[in-house]
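Structure record follows, encoded as C-alpha cells.
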Amino acid sequence: MTPAAPKSVDVGELVRLRAQQPEAIAEAAARRTRRPLLGDSGRLMIVAADHPARGALGVGDRKFAMANRADLLERLCLALSRPGVDGVLATADILDDLLLLGALDGKVVMGSMNRGGLQGASFELDDRFTGHRAEDIERLGFDAGKLLLRIDYDDPGSLTTLESTARAIDDMAARRLPLFVEPFISRRTDDGRLKNDLSAEAVTKSIAIASGLGGTSAYTWLKLPVTENPDDMAEVMETSTLPAVLLGGEVGDDQDGAYEKWRGALQLPTVRGLVVGRSLLYPADGDVAAAVDTAVGLL
C-alpha cells in the first residue's frame, strides 16, 4: 500500500493527539501494515531523516533547513508516496509523527539508535545510544535499526562507541532484527571539526572493523559512502560479504555527479540499495519528487 502524500501537515492535530491521546502512537504502530525488508527486486530505497536529533539541521548553505518540522514531514510524506521508495530511517519523534499521519503502512521502518554524538561537540565521538533501543524497535513492530560508528584513532571516545555498537548488534541479532551499521574513519581538522576520511584505505578499514563487531554478523548490514575516487569502490567492497547500502551524504551543486557515483557502485555484488536523506528531501532545485524518482531509477 502506497500512502497518499497530504498537501499539508496539520501541526495542531498532531499536537492535540500527542497531548490528549499519547497512546495513539502505539496504537498506530500496532495496526501498521508490515512488509518484508526486501521486496521482489531484492533492492532497498530508504529515505533518511535522522539528522535533526544530532543537531545537524543544515542543508547546503541553509543553516536551519531541517528545523521546520511540518515542512520536513511534508517532504517525507511526499518522498514515501513515490513509487519504488521502500521506507524511512528516522528518530522516534519523527517516526511517531509519521505513524500519526498514516504514512508508514507497507513501508520499511528503521529506527535510529545512537544520536548522542552531537555535531560539533567535544564528545562527538563518544556516541552514546540515546535513540531507539533494540527493545523499542521490537515493541513498535519496526523493521530494522541503524547506528553511526565514527572511529578516530586519536579519540578515546571511539572505543566507547565501538563497544556500544557491538552490544547493539548482539541485542538486535537476538531479536532477529537487521541492523545497518554506518562506519567511518574520522579525524579532527586543525580547527577542531570532525571530518570523515573517504579514501579507499580508510573506507576499507572501516568496513573490516564494522564487519567483525558483535557475537554474530547474521543480521548486520553496512551503510557506506562512495569513496572519493568512485573507481576504488569495486576493490573496497571486496572487504566484506555483508550486504550493504550506499549513503547519500551532503547536498552538493553536482547532483548529477552524485547519481553517477551511486549508479556505478550499485552494480557491485554486495550493494543492495540506497539510504539517502538531505540530497533527496532538500534538492537544489526544490523538486523532491523528481529527485526521489531519479534515485529510484538508479536501482
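Heavy atoms only: backbone and side chains are in, while hydrogens, waters and symmetry mates are out.
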| If we only count heavy atoms from C-beta on, is the Trp262 to Leu298 side-chain gap below 4.5 Å? | yes
| request: Kindly determine whether Asn114 and Thr130 satisfy side chain to side chain contact (heavy atoms under 4.5 Å, CB included), including the steps that lead there. | output: CA-CA 5 Å; Asn114 64 328; Thr130 57; 6.0 Å; no
| query | Is a salt bridge present between Arg115 and Asp50, judged by a nitrogen-to-oxygen distance below 4.0 Å? | reply | yes
| Are any of the side-chain heavy atoms of Arg75 and Val292 separated by less than 4.5 Å? | no
| said: Under 4.5 Å between side-chain heavy atoms, counting indirect links through other Ile/Leu/Val/Met/Phe/Trp/Tyr residues: same cluster for Leu281 and Leu101 or not? | reply: yes
| Taking all atoms of both residues into account, what is the closest heavy-atom pair of Gly84 and Met45, and its distance? | O-CB, 3.4 Å
| field | Stepwise side chain to side chain contact (heavy atoms under 4.5 Å, CB included) test for Lys261 and Met233 | value | CA-CA 10 Å; Lys261 289 181 180 180; Met233 279 298 283; over 6 Å; no
| said: Exactly one of Arg272, Arg43, Lys107, Arg35 should register a salt bridge (charged side-chain N to carboxylate O under 4.0 Å, His left out) with Asp86. Which one does? | reply: Arg35
| query | Do the side chains of Val296 and Tyr282 join up, straight or via other hydrophobic residues, at under 4.5 Å, putting them in one cluster? | reply | yes
| Could you walk me through whether Arg128 and Asp126 pass the salt bridge (Lys or Arg N to Asp or Glu O under 4.0 Å) check? | CA-CA 6 Å; Arg128 307 291 175 95; Asp126 185 352; 2.7 Å; yes
| Is it true that Arg187 and Asp152 have a side-chain N and a carboxylate O under 4.0 angstrom from each other? | no
| query | Is the shortest distance from a Lys or Arg side-chain nitrogen in Arg150 or Glu124 to a carboxylate oxygen in the other one below 4.0 Å? | reply | yes
| field | Under-4.0 Å salt bridge between Asp143 and Arg32 | value | yes
| Nearest heavy atoms of Ala218 and Thr216, plus distance in Å | N-OG1, 3.1 Å
| So, do Lys146 and Lys223 sit near enough that their side-chain heavy atoms are less than 4.5 Å apart? | yes
| query | With distance as the sole test, does Arg278 use its side chain to make a donor-acceptor pair with the main-chain N or O of Leu280 at under 3.5 Å? | reply | no
| field | Under 3.5 Å side-chain donor-acceptor pair for Ser186 and Asn196 | value | yes
| Given Val275 and Leu44, is the side chain to side chain contact (heavy atoms under 4.5 Å, CB included) satisfied, shown in steps? | CA-CA 8 Å; Val275 178; Leu44 264 181; over 6 Å; no
| request: Would you kindly confirm whether Val288 and Leu72 end up in one hydrophobic cluster when ILVMFWY residues are joined by side chain heavy atoms under 4.5 Å apart? | output: yes
| Out of curiosity, Leu57 CG to His51 NE2, how far, rounded to the nearest 0.5 Å? | 10.5 Å
| task | Check whether any side-chain heavy atom of Leu224 lies under 4.5 Å from a side-chain heavy atom of Glu182, and answer yes or no. | result | no
| Shortest non-hydrogen contact between Met237 and Ala244, atoms and distance | CE-CB, 3.7 Å
| Does the pair Asp171/Arg133 count as a salt bridge with the N-to-O cut at 4.0 Å? | no
| request: May I have the step-by-step check of side-chain hydrogen bond (donor to acceptor under 3.5 Å, both in side chains) for Asn229 and Thr227, ending in yes or no? | output: CA-CA 5 Å; Asn229 182 350; Thr227 47; over 6 Å; no
| query | Donor-acceptor pair, Glu163 side chain versus Leu159 backbone, under 3.5 Å? | reply | no
| Could you go step by step and tell me if Asp232 and Thr204 meet the side chain to side chain contact (heavy atoms under 4.5 Å, CB included) rule? | CA-CA 10 Å; Asp232 291 331; Thr204 297; over 6 Å; no
| field | Any side-chain heavy-atom pair of Leu73 and Leu14 under 4.5 Å | value | yes
| message | Atom CG of residue position Asp190 - does it have more than 12 heavy atoms of other residues, nucleotides or ligands inside 6.0 Å? | response | no
| said: Please check: side-chain N/O of Arg34 versus main-chain N/O of Gly141, any donor-acceptor pairing under 3.5 Å? | reply: yes
| request: Specify the closest pair of heavy atoms between Gly55 and Gln119, including all atoms of both residues, with the distance to one decimal. | output: O-OE1, 3.6 Å
| Shared ILVMFWY cluster between Tyr219 and Val245, side chains joined below 4.5 angstrom? | no
| Judged by modelled atom types alone, do Ser199 and Asp197 share a side-chain donor-acceptor pair under 3.5 Å? | yes
| query | To the nearest 0.5 Å, what is the distance between CE (Met110) and NE2 (His132)? | reply | 11.5 Å
| message | Using a strict threshold of under 4.0 Å (side-chain N to carboxylate O), is an ion pair present between Asp154 and Arg188? | response | no
| task | Measure across Leu299 and Gly273 and return the closest heavy-atom pair with its distance rounded to 0.1 Å. | result | CD2-CA, 3.9 Å
| said: Strictly distance-based, threshold 3.5 Å: is any side-chain N or O of Thr161 a donor or acceptor partner for the main-chain N or O of Leu125? | reply: yes
| Are more than 12 heavy atoms from other residues, nucleotides or ligands located less than 6.0 Å from atom CD of Glu235? | no
| said: Is there a side-chain contact between Thr270 and Ser240 in this structure, where contact means two heavy atoms from C-beta onward sitting under 4.5 Å apart? | reply: no
| task | Locate the shortest heavy-atom distance separating Ala210 from Val181; write the atom from each residue and the value. | result | CB-CG1, 4.0 Å
| said: Do Leu147 and Phe129 make a side-chain contact, defined as non-hydrogen atoms from C-beta onward lying under 4.5 Å apart? | reply: yes
| message | Could you check whether any side-chain N or O of Glu74 sits under 3.5 Å from a backbone N or O of Val9, counting only pairs where one atom can act as donor and the other as acceptor? | response | yes
| task | With sequence neighbours excluded, give me every ring pair (Phe, Tyr, Trp, His ring centres under 6.0 Å) pair touching residues 99-127. | result | none
| query | Okay, side chain of Ser211, backbone of Ala208: is any donor-acceptor separation there less than 3.5 Å? | reply | no
| request: Measure the spacing between CD1 of Ile25 and CG of Leu100 and express it to the nearest 0.5 Å. | output: 5.0 Å
| request: To the nearest 0.5 angstrom, please state how far the CG atom of Leu222 sits from the OG1 atom of Thr239. | output: 9.5 Å
| query | Using 4.0 Å as the upper bound for N to carboxylate O, is an ion pair formed by Arg18 and Asp93? | reply | no
| query | Do Glu27 and Leu99 have side chains that get closer than 4.5 Å, going by heavy atoms? | reply | no
| query | Are Leu17 and Leu140 linked, directly or through other ILVMFWY residues, by side chains that come within less than 4.5 angstrom of each other? | reply | yes
| task | Only counting residues at least two apart or in another chain, list the ones meeting salt bridge (Lys or Arg N to Asp or Glu O under 4.0 Å) with Glu201. | result | Lys205
| task | Determine whether more than 12 heavy atoms belonging to other residues, nucleotides or ligands lie under 6.0 Å from atom CZ of Arg139. | result | yes
| query | Where the side chain of Ser217 meets the backbone of Leu213, is there a donor-acceptor pair that is under 3.5 Å apart? | reply | no
| field | From Phe184 atom CZ to Leu194 atom CG, the distance as rounded to the nearest 0.5 Å | value | 10.5 Å
| Looking at CG of Leu177 and CD1 of Ile169, how far apart are the two atoms once the value is rounded to the nearest 0.5 Å? | 13.5 Å
